[in-house]
Each structure stands twice: as C-alpha cells, then as structure tokens.
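Remarks on the structure that follows.
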Amino acid sequence: MKLWVNGQAIEAPEACSVSGLLTHLNIDGTVAVERNGELVRRADQASTRLSVKDRLEIVHFVGGG
Amino acid sequence: MKLWVNGQAIEAPEACSVSGLLTHLNIDGTVAVERNGELVRRADQASTRLSVKDRLEIVHFVGGG
Amino acid sequence: MKLWVNGQAIEAPEACSVSGLLTHLNIDGTVAVERNGELVRRADQASTRLSVKDRLEIVHFVGGG
Amino acid sequence: MKLWVNGQAIEAPEACSVSGLLTHLNIDGTVAVERNGELVRRADQASTRLSVKDRLEIVHFVGGG
Amino acid sequence: MEPLVLGQHQFGSRLLTGTGRFSSLKRTHEALAASGSELCTLAVRRIDLGQTETSALLKALPEGMHILPNTAGCMTAQEALRVARLAREALDTDLVKLEILADPMTLYPNNPETVRGAQMLIEDGFTVLPYCGDDPVVCRELAAIGCAAVMPLAAPIGSGLGVVNPHVLRLIIDQVSVPVIVDAGLGSPMDACQAMELGADAVLVNTAIAAADDPVAMAKAFGLAVEAGYLSFRAGRIPKKPYATASSPIDGVVEG
Amino acid sequence: MEPLVLGQHQFGSRLLTGTGRFSSLKRTHEALAASGSELCTLAVRRIDLGQTETSALLKALPEGMHILPNTAGCMTAQEALRVARLAREALDTDLVKLEILADPMTLYPNNPETVRGAQMLIEDGFTVLPYCGDDPVVCRELAAIGCAAVMPLAAPIGSGLGVVNPHVLRLIIDQVSVPVIVDAGLGSPMDACQAMELGADAVLVNTAIAAADDPVAMAKAFGLAVEAGYLSFRAGRIPKKPYATASSPIDGVVEG
Amino acid sequence: MEPLVLGQHQFGSRLLTGTGRFSSLKRTHEALAASGSELCTLAVRRIDLGQTETSALLKALPEGMHILPNTAGCMTAQEALRVARLAREALDTDLVKLEILADPMTLYPNNPETVRGAQMLIEDGFTVLPYCGDDPVVCRELAAIGCAAVMPLAAPIGSGLGVVNPHVLRLIIDQVSVPVIVDAGLGSPMDACQAMELGADAVLVNTAIAAADDPVAMAKAFGLAVEAGYLSFRAGRIPKKPYATASSPIDGVVEG
Amino acid sequence: MEPLVLGQHQFGSRLLTGTGRFSSLKRTHEALAASGSELCTLAVRRIDLGQTETSALLKALPEGMHILPNTAGCMTAQEALRVARLAREALDTDLVKLEILADPMTLYPNNPETVRGAQMLIEDGFTVLPYCGDDPVVCRELAAIGCAAVMPLAAPIGSGLGVVNPHVLRLIIDQVSVPVIVDAGLGSPMDACQAMELGADAVLVNTAIAAADDPVAMAKAFGLAVEAGYLSFRAGRIPKKPYATASSPIDGVVEG
C-alpha cells in the first residue's frame, strides 16, 4: 500500500504495523515516529496498524547545538 | 459638594463644571482632566457638569526622560 | 660644472650661486638647501658660490602626518 | 668592635669573620652578605675577617612579585 | 544634516533631550537651548493641589522646542494609553514616547507589553516612539506594526554606561526600516557619537546632561557629538587594521 | 574653548591635521578648511628634479593655517635635527613634530632616540612636539627636558584602532605638565571625542580624514567631535553605575 | 565543583557541548570526551530514507554522556512541543533545550514565543532549558513559569564574539533564581571563563569547539576554562583599580 | 603542554607565581601548591636584626618549586646588579627577574634603565627576565641583547585591570623571538587565559592570587586558565563574525 514517509511516497506491505514498516525500511536505530501528526509511543509501535495514505514522520538524532 | 481629585477629597461648588473646578482650584496652566476614568476633552470642559463623588484626575507636565 | 643634487649628477653653470642653481633648475617655491651637509641660510643663497662636485640637497614640503 | 650592619651600629667580637658575625647574630638561614659594598662569596665567609667600622649588608628573601 | 522624520513631523536636530533631574527650570532652559535639540520629553503627573503654578516647565522650554510626552510610570499598555490620551489632549500633539517598564529596579522595558501598547496607541491615532530592549526581533515587530521609530536602550536608564552592546545595536539598525533612536544609558558625548557612527538616526539624552556638573556645557557637547557622529557615519570611516600604515611618504627622504 | 598653547604659539582649534594620503590638493584644501584646524603637519622631502611646481601643497592650505613640519622618515636624532633645520629655514617656524621611528613595519616610535632628539632640537631653539609611545615615564621625561607638548600614540599609525589603552592615556594626562596631543591611530570622530574626554589637550588626525570616503565631511565631523570632547571633559560627566536610576519622577503617577 | 542541578538531574561538569558541525563522528567522540562534558545537545531530524545507519551519533557519544535534545528548526511553540515529544519518546529523557528562533538570518530567539513554548512543555512534563535573549525580564519570566534554567545568548549563534554584553549578563545572573547557562556565541575558552566569572552556572559550546582547527584540544581547553571560571567566581577576585599597588615590600631595600 | 624554556632552565607549568602580599606562609604554601607553578618570585631584603628566623619563606615553598629572585626596589641598573649578585650567591641560581621601576607611584618600569641593567646582568652571567613596558621596540631590544624572555606588563602592578592593550601585546608576541611572559596587572583567571590566547608563553601572577578572598582556590583557577589558554592558542580558534551561523542542520526539519 502507498504511504507518505517524511514527505516521500513509498510502497509498504498491506496492513503492516509501525514496527513492520521500520523493519521494511531497514531502520533499527533510535528513532521516533509520528503517524498522521500523532506521536506513536514505542510500546504501541508493534500494535499500531497503518492504513493507506497514512502520513508518517520518522526522526532520528543528528549533531546540533 | 464633595469630589475626589487626584486621590484627595475636596469640597467644590454644587454642580460646577470642569472649567469651574479648575478656576476654583486656581489651576490655569496646561493641564488635562479625567472624570471617572474618562478623558474630558478641552472643548467639553465648560459644559461638563460634575456630580457628587466624581473622581477626577488633573495632570500637568513635569521633567522626565 | 658637475654637481650632485639630491643624489643625481647634473650640469650647472660654472661658479653659480645657490640662488643661481635654483633659477637654473626652475625652482622657485618654498625650499631649503643643504650644501655638503651644511644648511645654507636663505640670506646666504645669493652669495654662496658652488664648487665642482658639491653635493646639494634641495627639499620642499609634501603631505605628511 | 663596632660594625655597621644593615644601617645599624652593633658590637661584634674583635676580628671575627663573616661566619662568626652570622653566628653572633643568630642568623643561620639562607642569606647573602656584602662587606663594604662588595659581595662576600659563601666559600669565603669563614675566612673573611672583619675590621672596625666595616659596613655590612645581610639580606634574605621575602615575599615579592 | 537631513531632517529627522518621525511620522508627519520633521526635526532639524538629531539630539532628543529629556527634562528630568535638572536642578532648576533655569538650568533646564539653558541646557536645552545649548543642546540645539528641537524635541524634548516630558512626563505626565498629577497636579499637587495647592500648587500655584502648573506645568511651569512648559514655559521654561526654549522657543521652537517640540514636546514628546512620555508614559513613564506606566506598567501596562492600558495605563499607557490613558496617559498618552491625557497628554495629547493637553498638548495637541500625536507624538508619544511609549515607555512601559518591567520593574522599578532595573527599569528594563517590558517588551511584550510595549508591543501591545504600541498597537493600541497606533490604533488610537498616535505617532508612537517606543522605548524598548536592544532586541532585534522586538524592534522589527515594533516597526512592522507601525511605530514611527524604535528607541532601543544603550544601557540601563541613568547608568551612564554608554553603548554596552554595539553589535546588537548595529544589527537592529541594519534590520529595522524606521528610524532608530538610541535611548537610555548614554553617559557622555563620546557615547552619543558612537551610537550615531553605528548608524543610529538620533539619540535621546537626559541624565547625562541634567546630572553633569555643568549641564549647559554638556548639552552643547552632546549636540556637537551627535552631529559629528551623523557626519562620520555618512563620510565612510577607514577600516580598522592591526598593523600600521605610513601617513608621510616613504620615499624622497633626505640622505647623507 | 580656551586656546591651545604650544610654546609661544596659540591656536583656536584643538584638532591638528595631517596632510598625507589625500587624493588631491583640492581635497586637502577643502578638508582642512572644513576641519577648522589651525595647525597642520607637512613632511620634508627631496625635490624631484624636473618637477615644475615645488611645495604646491603650501599654496593649497587654507588661509590662516599654521605649519608643523615633521621629521618623518628619520631614524636617528641626528637626521631629525638636520631635517628640522631645513624646515625651519624654509618655513620660518620653530615648531617641529619630532618623529623618530624604530622600524618601517610597526612604525612605532623609538622612544630613547626620541628623547635624545628632543634634547638636541630644544638646545637648537626649536619648539618640539615629539611623537612617542604611550609610556608615562617617557612622556614625563620629554616634558621634563622642555618639550612644548607630548604626542603619545593612540594606536599604530594609520591603523584606525582608536584609543587602544585609555588607562595609560589617562595616566599620562594626569602626570604630564605640558599639553598632551594624542597622535596616530584614531579612526573616527568618536575616538577623538574619547581622547578629549580622557583629558587630552588636542588630537592630531591624518589618515582617518584623508582616507575616508568623504574627507571633507569627515574633517568637519572630527572638528565637532574634538570640541564636544573638550567641553565634555570640563563639564564633568556623570559616573558610570551598574544599575538604573529613573529620569522621570517616581511619584505622582496617575491612578485608577 | 558542586554539581550542576537541572530539575531532577545532576551533572559533574558545567560545560555543556553541542554536537553540530564536527567533521566526523570520530572527532565528535574525541572532542566530547576531552571536554569532560556530561551533557550534550542533539537535533531531531527526519531520517533520510535509504540511509543505512540511523542515529549513528548516539553510538559515537562518550560513555556516561547524557543527552539534551533541542528543538532547533522550530519557529513556533506548537512545533517545538511536537519535536520535544518525539525526542522524549525516543530517548527516554524529559530534558529539552527549547529553541524557537525568530528568523533564519540573525538566529535570534523569538522571546515571546519561547515563553509560550516553555509553558506548553512544562505543562507536558518536560524539564525545559530555554535558549533566549539576554533580556532580564524575559529570563525572570522563564524562571517564574518553571523552567529548570535559562540559557541567554552571549552573542549570535556561531559568531564567536564572546560575551558582548557582560553588564546585562550579570544583571540576569543577579535576578534569576534558576541556573543561568550561557549559550551561543562563545568563541574561545577565555569567553567561557569570563561567563563563569560573571557568575554563570554553566556554558554551552558548540561551534567554538567543532569548528576549531583542533577540536579535541579546544574541547579540553574549554573544560579547563569553565572550571577556572567557576573557581574564580567563588574565590573572590581582587577589585580593579586605576593605579598600581606594589607586590614586593617597599621597605628594607639594600642601601649604599 | 610543552615545557617553558628560559635559558638553560625548563618548567612544566606556564604559570609563574609571586609570593608577596599573602596573609601567612601557610597560605603561600597552599596557594603555590594549588597553582601547579614551578617557578616563583622572591624579593631580596635586609634582615631585620633580632629577627629569629630568616628566609622562612624559602622553607614554606612547595617541593620542587624553583626560585626567581627579583630586583624589586631598585631604581638603577647598578643597584639591580648588586641585588642580583646577592641573590645568586645565596640561592645558587642564575635566574633573575630584573625590575627597575621609574617611580613609586605608577610602578611603571624604567625601560631605558632596564635595557642598561639587562646588559650588565647578562655580561655578568645571569639568565635575565626583565619586567618592561608593553613597548614592542623595547621588547625587541631586550631580546636582541640576550634576555632569556621579556616580561611586558598587562596593566599597572596590582591594578587587576587585565590585558589593557591586547593589540600591542599581540604585536610584541609576533615580533619577539624569546618567550613572552605577561607580568603585572592580571586580575582574574580570564585575564591569564586571554594573555595565553594572544600567544604569550607564560604569565606571572601575584596580587590576583595573594589578595583574593580564597587564594588557594584562586591559585588553582589560574593554573587551569593558563593551561586552557595555552591549548586554545594552539588549537586555532574560530574567527569572529558579526552575524550568526547555525550549529544545528538547516534541512530535514519535521513538517506538518
């Protein structure tokens, strides 16, 4: 199914969870995820199913002052 | 009648106007007057009748930075 | 005759005076003259005769701080 | 005999040496001595005999910047 | 000097003067006259009942002096509006120096309340000159909402410390489209000259004149220094260099 | 302003000007006239043979300008004496700015050689104004041997850094009995104003005027700033305080 | 040194470090280790899809380093809240450096929006360290609403100008009850030492370390300078005096 | 840090300490130990006859401390030679801090007499460290005649003003081939750090430690600050810029 991740359109497995999406995208470091503007708690990443056209923000940490 | 002028209680002639009050108080320089929190325009000073217990503020100009 | 003026060799009329040299060189502004390391007073410029190989310094005034 | 030490007149044993004077004055720390304006080397303190009215400077070290 | 333009008003001098803390009205008059200033601030205060003469200061001002009433003493936008209206009614001027302080100890301006006050006074028709912190964001906002100038402080009021932060003052001057009038904290004519050399459009001086040993001479000195700084900024100063450069020619020196 | 007294000479302006580095004689004339200066420095140089006009600069000076020849380019007292005598003979003045530099890179004065030179020139009858380091001991010695003034540097020649060490300048002013003329390194009118506010008797400015984008306006600005600083020093400035003091009255504010 | 207390957290070092602008993760690691810092800032950014390693920086931090995520890039309180929540979820920390800038050119903080943001984050349970202007009124307000510290700027971010306004910084330190952490604009260890000698509780340094020629040596130097300034402020420095006082005894000098 | 090399001697610390003005020998010991200094100055004075203990200070110095006797109190080169010889004889060291002052009020060095004294002491076999003015010409001359270092002042002795003229100090450091030890006038660790960041090889501190409220903590702070400044100078600081530069990345911000 089609999702928007960080402003880009991608294809993901149907009905995958947030955790599934991270695995699908090969992301395994320390990240945080927003779905449609709402924070997804880490404890809920496995149980949160995604729907077509969900907008996701996946962030990590970079150097800053 | 009793009026409050600049926080002080004073006696003024019954039903005197703002202009009358200024004359009564021997004030004749450049001043401005508020009556019960409302500015009294200069043009209206002669016609504005005061009532008992009116609160008046009479200000002038002093040195300032 | 040959003279050294400001480090340059020049030809001047035989036995000319300092004044004569200045005229010869078309110099007529405010200047001062040294002859062989000695200041020539202005009053003495007309009477001071030059000799062959005299070293002269002729200075004027330029912008400075 | 009378000596001048650091500007003061004192009495010292006749013909005593510089070392003797230091002992006489109970001085045993790190000091240096001048006799009549001349430095007395430490090696020479024992052998240097003093004479009447010799002027001595005895210095030590104090706090300074 | 080009005239200083504040809203609909123009002034020949770029030195604004305060009238507080002088030892007498005579001194006030003489000092203001010596300064060449054409615009001076006044404070609005309750008449002391029984006082025979009111606003004697107004009569003591030099001829041709214009008046800039301030809102000193106000801690809120609402109070400032009230005081500004009283001043406008009495003096027939739309000019007002908006001054809303945060506390009586530091006398620092309350910037957010000053922005609110400026909006209220502008809507009410005033030509607003707000005293404010030396904060470029605040100054930009005050200009954007329609103030006729901004008046950032050089240093705390009355401190005489001069321009304690020339970097931020330059930044403000670069970023703000309306005139910048440096207010508060100037201690001597050199400070005023510096502010003008940084590109300020004018300065406002009170304590440094009024509390000087000789206010009249000091007022004249400030007037000269402001003009010097105005000219200097426009004349393009030389750059600063860590090493020396000769001013007399290097060649042509007399030789032996 | 009281006149500046240098030996037997008196001057109405306390701004001395240099004449080097101007782009034209016309500019020199205009700038010096605008400055109000009454005393300007010149350098002595060999005539370039074949040059048609000599000392054209002299004719370009504003009316009433007095001349202070310098010994720029000299590295020894003996050379300075020689150059000073040439200048005196040509110009009929006993005034001389004694300048003996230590090296062509820093253009720092050679203080011990300057003291020697000053002694020689004073014995030869000159009114000597020595350019020197900002060293109170050197300045005291120069005054003690009979110099008509001392001319400590503000900063390296032509650097435009301003008064880099106000503490020592004040110390010099406190300790020296003859006039102190701050020379070299001033960059803008504010710097001149500062030097005068520290108590200097005069300043000498060259590069900061001549190399400004608009030398004429800058010259006028320096003239004003020097007068401002002169007046300010004598008018007794307010002390600097770390905290604020109100300029408007605290009492009598309008109340609700 | 006593520990630095920020809300429920304590830190042995009073040097906070930034992690931006380093040339490599290896350099980041080495410099942070050399600095002795125990708390470093990070920024929150979108993952670049296709990027193999995420948050590699986290693994590069020295052991024992705590993390202070920032809200850099946010222009509103709402955005800052959102970014802070993302950081908290990922990092299990309630600490956040609140940074809301007014514009991308000056990088000045938007003070009113920062106050709003601080209120929202505090209500949401964060330990908030707000980057703010050097405005005592703003700093007092931020402390009053419950910020765990205030972080006034020394100078514009990355400028390296040092403490451009020591007077106002001292005023803030005097008036604010929570720790004052000087943030932004420090250029060298001397600047950090100055901030601490003024009484700051800590400093945050990024560009001055990361962009130095040798970031590791510079990081160590900042660590030493912060400790020096901390000790110095508490050790009670000598007053400044315009004149000299001998350090060696005046009496007892050898005589002829 | 590389060792500080003074003639044939090497020292691990770049902080030289003075021993005057401490309240007790115990304090002297503790402070010098805390400073990490390996070289301290002493003054030579007449013994007070009847005094039981002489040179008690020597026993109070921390282990490993080397001694630098000074010639404080001398007004001529001849006196300085005499005092230096006394010190050498007693202490078995060729090191001497040459100090010839011009007057008891300013405590400014007499530079020409210092040059003469340095020549005499060098000929007599001393390793000479002369205290001198911040004059590049004098410093170059002292280095040229064979001094092992030059010790220009930061400010008047005991004033605590710090480096009042950083421009000339940098000039001296650029031009002098021997070590530059900044002596006199430093007020706080920040000043020492600044001197080292300007490129000084070492600093000498007395009053700022001895007269601090807590000399031991202050001594430690100076030791740290000197090392910080040493490292910083070599680590290549960032340039100063009038405008801001972001330390967090500009791209990749979370979007709505």
Side-chain angles (χ1 to χ4, degrees), chain G residues 18 20-21 43-46 48 70 72-73 82-83 86 104-107 156-161 187-190 193-194 197 206-208 211-214 217-218 220-222 224-225 227-229 231-232 234-250 252-254, chain H residues 18 20-21 43-46 48 70 72-73 82-83 86 104-107 156-161 187-190 193-194 197 206-208 211-214 217-218 220-222 224-225 227-229 231-232 234-250 252-254:
Chain G
R21 300 189 65 184
V44 177
R45 287 293 178 273
R46 281 175 164 180
D48 188 5
N70 71 28
R82 188 179 162 201
V83 166
L86 283 164
M105 214 259 282
T106 67
L107 304 183
I157 293 175
S159 68
L161 291 171
S188 76
M190 169 197 155
C193 192
Q194 179 182 20
E197 289 194 3
N206 187 347
T207 303
D213 293 342
D214 179 346
M218 192 58 94
K220 185 178 175 195
F222 267 101
L224 294 166
E227 190 178 351
L231 289 170
S232 172
R234 282 148 190 84
R237 64 157 286 158
I238 56 170
K240 296 186 183 189
K241 294 180 300 180
Y243 285 103
T245 309
S247 52
S248 297
I250 292 165
V253 174
V254 175
Chain H
R21 300 188 65 184
V44 177
R45 287 293 178 274
R46 282 174 162 180
D48 188 5
N70 71 28
R82 189 179 163 201
V83 166
L86 283 164
M105 213 261 280
T106 68
L107 304 183
I157 293 175
S159 68
L161 292 171
S188 76
M190 168 197 154
C193 192
Q194 179 182 21
E197 289 194 2
N206 187 346
T207 303
D213 293 342
D214 179 347
M218 192 57 95
K220 185 179 175 196
F222 266 101
L224 294 167
E227 190 178 351
L231 289 170
S232 172
R234 282 148 190 85
R237 64 158 285 157
I238 56 169
K240 296 186 183 188
K241 295 179 300 182
Y243 284 103
T245 308
S247 52
S248 298
I250 293 165
V253 174
V254 175

So which residue, G:G229, G:A217, G:G187, ends up with the most heavy-atom pairs under 4.5 Å with chain H? G:G187
Do you know which two heavy atoms are closest between [X] and [Y], and how far apart they sit?
X      : Y      : result
H:L107 : G:T245 : CD1-C, 3.6 Å
H:A244 : G:P156 : CB-CB, 3.8 Å
G:T207 : H:S247 : OG1-CB, 3.8 Å
G:A212 : H:I238 : N-CG2, 4.0 Å

Greatest number of heavy atom pairs closer than 4.5 Å to chain G - which of H:G73, H:G158, H:A221, H:G20: H:A221
Count the heavy-atom pairs under 4.5 Å between each of H:D214, H:I157, H:L231 and chain G, then report the option with the highest count. H:I157
Tell me, for G:P239 versus chain H, whether the close heavy atoms (under 4.5 Å) come from the side chain, the backbone, both or neither. backbone
What part of [X] gets within 4.5 angstrom of chain G, counting heavy atoms only: side chain, backbone, both, or neither?
X      : value
H:T106 : backbone
H:P249 : both
H:A43  : side chain
H:Q194 : both

Test log, rule side-chain contact (heavy atoms from CB on, under 4.5 Å), inputs H:V253 and G:R45: CA-CA 5 Å; H:V253 174; G:R45 287 293 178 273; 3.8 Å; yes
Between atom [atom1] of [X] and atom [atom2] of [Y], what is the distance when rounded to the nearest 0.5 Å?
X      : Y      : atom1 : atom2 : result
H:L224 : G:E227 : CG    : CD    : 5.0 Å
G:N206 : H:S248 : CG    : OG    : 7.0 Å
G:R237 : H:D213 : CZ    : CG    : 11.5 Å

H:E197 side chain vs G:S188 backbone, donor-acceptor pair below 3.5 Å: no
Can G:K240 and H:S159 be said to form a side-chain contact (heavy atoms from CB on, under 4.5 Å), step by step? CA-CA 6 Å; G:K240 296 186 183 189; H:S159 68; over 6 Å; no
